[in-house]
Amino acid sequence: MSLLEVRDLHVWFELPNGTELHAVQGVSFDLDHGERLGLVGESGCGKTTTILALMGLFPPSVSVAGEVIVNGENILGKGESLIRDYRWKELAMVFQGAMNALNPLMTVGRQIVEPMELHGIASGAAARKRAGELLEMVGIAASGADRYPHEFSGGMRQRASIAMGLACQPKILLADEPTTALDVMVQAQILELLVGLSNELGLALILVTHDLPVVAQVCERAAVMYAGKIIENGTTEDLYHRPRHPYTRLLFATTPDLYDDDDVISIPGVPPRLDRQIVGCPFQPRCDSAFERCSSEQPALKSLDVGHSAACHLNDVPVSVTAKPESSPRNGQALDAVDGSDDGS
Amino acid sequence: MRSADYVIKRLAFALFTIFMAITINFFLFRVIPGSAVTDLARVPNATPQLRHALTVEFGLNDSKLHQYFTYLWQLVHGNMGISYVNQQPVFPQLLNDLKNTIPMVTIGTVAAIIIGVFFGIVSAWRRDSAVDHVSTSLAIAFYSFPPQFLGLVLLILFAGTLPSSGMEYALAGVFGSVGFWSRLQDIGIHMVLPATTLCLTLYGEFTLIMRSSMLETLGEDYVLTARAKGLRNGKIVVRHALRNALLPIVTLVAMSLGWIMGGAIIIEFIFTWPGIGWAMWEAVSQRDYPMLQGGFLILAIAVVGCNFIADLAYFKLDPRVSE
Amino acid sequence: MNVVDSLATSLRADVSAPLLEVEQLKMHYPVARGMTERLARRPQRFVHAVDGVSFSVAPGEMLALVGESGCGKTTTAQAVLRMLKPTAGAVRFEGTDLSTLSQRKMRPLRRRLQMIYQDPYESLDPRFRVRQTIEEPMLIHGIGGSAKDRRQKAIEALERVGLTPAELYLDRYPHGMSGGQRQRVAIAASLVLDPVLLIADEPVSMLDVSVRAGVLSLLDGLRRQRDMGILMITHDLATASHFADRIAVMYLGRIVETGPIKEVIRNPQHPYTKALLSVVPQRDPRKMVKPLILTGEIPSPIDLPTGCRFRTRCPMAEERCGQIDPELRTAVAAKGDDHAVACLLA
Amino acid sequence: MSMLLQEAAVGPLPEVSRRPLRTVLRHHKSGLIGLGIILFFIVIALAAPVLMPYSPTVQSCAVFAPPSAKHWFGCDDGGIDLLSEIMLGGRISLLIGFAATLVSMVIGGGVGILSGYFGRWVDIVLMRITDYLLVIPPLAFALVVADVWGPSVVHVIIVIGILQWAPTARIIRAQVMTVKERVYVKRVRAMGASDTRIIARHVLPQVAPLLVANTVLTVAVAIYLETTLAFLGLEDPSSVTWGTILQHAFDRAAVSAGAWWTIVPDGIAISLLIMGCFLLGRAIEDALNPRLRVGHLSTRRWKLRPLVGLGPDAI
């Protein structure tokens, strides 16, 4: 049995105008002990909502369906009151903007001690001692516990956030764009820290990011999300060398590589709006390999190899059309007009 | 280091403001054409002897600049002149009045803050519920009532049940001395209506500000972090949101002190409370300019002093201030 | 056309002169002292934001200015644009030294010197229609002729940046547009002034990955077609390596290594460049390089380390690095004269 | 503000509307109510000479006659119809309120823009003055000035106008300072636009809605100050305003006579107008500052929805 099983998760946001936005549309995945999973996609694809859903962290105007199974129990099943006991104890989180994620009026130490006392891990002097140890584990002197968040640099705040995440020895750490606002060197420091902690403590990690190369270097497995759905799920190696969905292949081709002179391309158009019904494959209008079936029938996520699944009709066609990224069909120049002319609404 | 800077800065500002108040006071009364002190003909109660005494003491025949420095010099020595009405020095009279004003205003304001903050939190927490709607509507209504209206309504409502004027039962002390506790009780009963009026006119604004400040705080990411940690709503509000949300209230109270004092003037006027507001109104109606001038100055100093205290409180509450 | 303008044009005729020449540029800010510090007679301290930077950009060339935040790259751009007055050094644009020019004399030159900002959600006035945004620069400089001519120019500019058909965009407000489209509008608004130098400050870092390449290729195409110089500020070495001709790596207010981009990336000489390159994540999970992660944080630009300013984080630092402040010179292992490095050990 | 939740929910925040007033009235019911109240009083004040049922100067009923079918709001100590008096009194109260607000908006808006845009010594000088005005007790100051100058409508307008610009200047200054730092302003400056152009085309339109909101809120304060000064006897005693009506009632023993109708309708008129201004002003502010829309905490919980009929093909 996996450590974490997500089964057919749906999230709807109620919009002010009375309609609904179907932000997460039936997401399922598993996570094993000590495994590092990347959740990748463009902004608005539902990746942040998905991991907030794992902890039940919704604003009031949300409805949710599906199961999030931790230790064999569906923690979503009984709503806020049950899920509260799991928070930070089983799953902890590192947020995107570390500045805003820490209370400006509380010392860093107190914020680390707080969940320990709440969940009965440690209290008083023992908890404070452990907070100091955790800070040292992430590379901050224990005396940093007495300081306020605004006295820390961005990188140190993110380290403190990670220390706070480890306070209750969770089995799973969710990291939402943990390095987005940081410099390359600090980003490397934080990623190294996360990988090191995951190896040492056997911590399972879900890394949410739009940065494919980061996932390729940090995670063994990744799920690519598009328009609220996982469209491909597999090892990072499979995703790069044997992509089975055109979006994955194109997404890799949009990021330049230091030592690879391949043309970088842009994907024309914009993702579909999630407050409307989508007919056919949601990626079809932007896809370079779409055919008739794609505009009428929505492809389901199908298992193709061991640990590799994708949602694309091309995989039903005998000859595999999905190729390596070097045969990118259009160069950037030609795409300008297409990207530009799409009006996004 | 930095904190010393902050305190020095605020103190300098307070002193500068008091200096400005003194200066404006001087100009208002002596330099503007037709202004009061130099034009004693407008003053009904100024006897020739008084006129002469003032002329000597404040050098009213000297140049304006000289007068200004004489005025400053006299102020330093606690001399604000002599009342035209009762020929007594102004300063001790005003201090005595201030002594009566402070308890009434403090009780009314503190009660308003406590009630306002409480309903503000409840409103924000139960946002869009019936409780929120009732509390917000009441707050807007009370915010809109001018104190004179509210005071008069209370006067009519409680005519006969609660004393409507003065600070003590008129005959208290006439038939032998009164014990401390019974005197306190007497003053307390007299204070009910004025303090309640002040409290009711103030609490609405505190509620509204607290509500929006709380709502804003509840939208911060650290509240989401607190939720992710597994904290219950009550604890999130008390531990994480409250202190952050209270910061604007400190500023607000400091900023509205001037208004609170203004409200106090009217309330003292309505309920004949023998405080500084009442004294100022009396001075206005009797053209007792030294009294008016002194009253304004003392009010200004009191407000500036309270502002300085609020600055220090803010500094205590927010570790980021000294940055 | 006034004197300065014509002077600039005449100087431009000299083909050998680079478009932009920055020489020993310094930007130092006084650190605000508190009252107590002033009373205690603490010496006035300075932030050495930019501390002796020299580089040049030729027509049609793209120079990437690379470094972490706080290294002074944005301050350098601000000084080149003359939004800040340099403490010392010269900024020669088409031969005119901008660093001593008054804001008034600077104004006509601003036509030829345009900037593209990082955040297209912030850089367009939300109240302006696309047409107004593009016509505004012409109104500022009193060019573009009649309203009809301006409209025609706006249409041409939109088409040049790939927003076709332009009529679809003219009357729209930025809020209905995607990040990529907004950035294109900002570029179009710069192009109507026919600039010869474009400063692009992280032009794609706020955009979705899927449209980044489009905007970058647009800039790349513009400089090739119109012989425009581009100074691109970025922290993304991979992007720089794809689009720029030359690179200048900055650390704590100094350029530590500069040269042709491929040369610097394949054959880095400065330990800082090496470290920066090693932490760029690669797409291929099989190509795991052991990242050379520098520990600690960048020292404060107020109290600079003695000697080489990188030595506090340098894995190779020796004793003499604390004494000698290395000059930028041709690297020993370099494959050409134009590959310079500021390191005693290279 | 929480970036996280914004993004999770509906993508980037909607931009502030270009027609705030229209948006306000469409989305904030309270703003519409506020505008209604203000318009109601303006119409009554303008049409008072036609609408007044009795003369406000000639006795038309018994002294302290209670409200009746003929005299809806009863009569005062001089036997004058109170409804007529209140209608007439609104004219001067509104005139003073709006005129004083105009004075304070011009000063406050100007000071705020200059101070915020140019900074440096302009800012230091202007802000010291502003700070001073913020700290001194306004009513006490008004008392002193009105007394020294003598009672007159124009004096009251000037006093209130001068007292009320400081908060506006502060708010506008803060807003201008953020607008000045906005990238699109920096961008046009780098393009060579002049300060005048930047202020006129980019800064002013951006702060205008806030200035409007502030104006509306200041009207409330001005009306409050006017009625208070009149109540304290610092206005021309012969003029009829909402403040003097209350003052007469208080002076002439209406309270001990139990003549509540001399106080309540007039007081409610003052309160309603202040409330109307407050509602409209606050609605505009809310529309400008949509931060209050998401909260991480609420008693309304997220809902669980059954997955019936939602197969893998569901939308």
Side-chain angles (χ1 to χ4, degrees), chain C residues 5 74 77-78 80-84 103-129 132-143 173-179 182 185-187 189-190 192-193 195 198-199 201-202 206 208, chain D residues 1 3 6-8 10-23 117-121 123-124 128 175-212 284 287-290:
Chain C
D5 223 344
T74 300
Q78 294 291 309
V80 169
L81 269 176
R82 195 56 179 82
M83 298 304 281
L84 298 169
Q103 285 300 336
R104 196 136 74 113
K105 289 200 174 139
M106 186 65 208
R107 202 162 288 155
L109 285 176
R110 294 200 181 283
R111 266 180 67 184
R112 320 178 59 80
L113 194 62
Q114 291 290 310
M115 175 133 173
I116 306 295
Y117 293 82
Q118 176 175 17
D119 188 350
Y121 292 89
E122 264 282 306
S123 64
L124 303 180
D125 191 327
R127 284 158 200 284
F128 275 39
R129 294 175 193 276
Q132 290 170 297
T133 298
I134 299 178
E135 287 179 7
E136 193 180 27
M138 295 190 259
L139 291 171
I140 290 172
H141 289 281
I143 56 170
Y173 286 100
H175 73 250
M177 308 176 76
S178 73
R182 290 177 195 217
V185 171
I187 295 172
S190 295
V192 292
L193 293 176
L198 214 56
I199 298 172
D201 185 0
E202 309 261 13
M206 301 293 280
D208 246 317
Chain D
M1 130 114 275
M3 292 292 293
Q6 281 303 334
E7 203 166 315
V10 279
L13 252 181
E15 301 262 351
V16 174
S17 160
R18 286 172 314 279
R19 294 199 180 74
L21 206 62
R22 197 183 288 178
T23 327
Y117 187 81
F118 290 104
R120 295 166 184 266
W121 63 266
D123 183 41
I124 292 173
R128 280 300 80 79
Q175 177 80 0
V176 169
M177 279 167 65
T178 60
V179 173
K180 192 178 80 170
E181 291 306 310
R182 295 288 291 271
V183 181
Y184 62 81
V185 172
K186 289 185 170 172
R187 184 173 143 269
V188 283
R189 181 174 311 142
M191 277 179 172
S194 62
D195 289 332
T196 334
R197 188 186 176 87
I198 294 176
I199 291 178
R201 297 261 290 164
H202 297 277
V203 175
L204 201 56
Q206 196 70 36
V207 298
L210 193 65
L211 201 59
V212 171
I284 300 175
L288 291 175
N289 186 0

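The chains referred to below are lettered A, B, ... by the order of the sequence lines, with proteins before strands, and numbering in each begins at 1. All figures in this text were calculated on a predicted structure; none of them were measured in a lab. Heavy atoms only: backbone and side chains are in, while hydrogens, waters and symmetry mates are out.
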Minimum-distance pair of heavy atoms, taken over all atoms of Gly179(C) and Pro120(C): O-CG, 3.6 Å
Interface moiety of Arg197(D) toward chain C, non-hydrogen atoms closer than 4.5 Å: side chain
Taking every non-hydrogen atom, the tightest pair across Pro137(C) and Thr133(C): CD-O, 3.2 Å
Region of Glu122(C) that comes under 4.5 Å of a non-hydrogen atom in chain D: both
Shortest non-hydrogen contact from Val192(C) toward Ile143(C): O-CD1, 4.5 Å
Side-chain donor or acceptor of Tyr117(C) paired with backbone N/O of Tyr184(D) under 3.5 Å: no
Part of Leu81(C) within contact of chain D (heavy atom distance under 4.5 Å): side chain
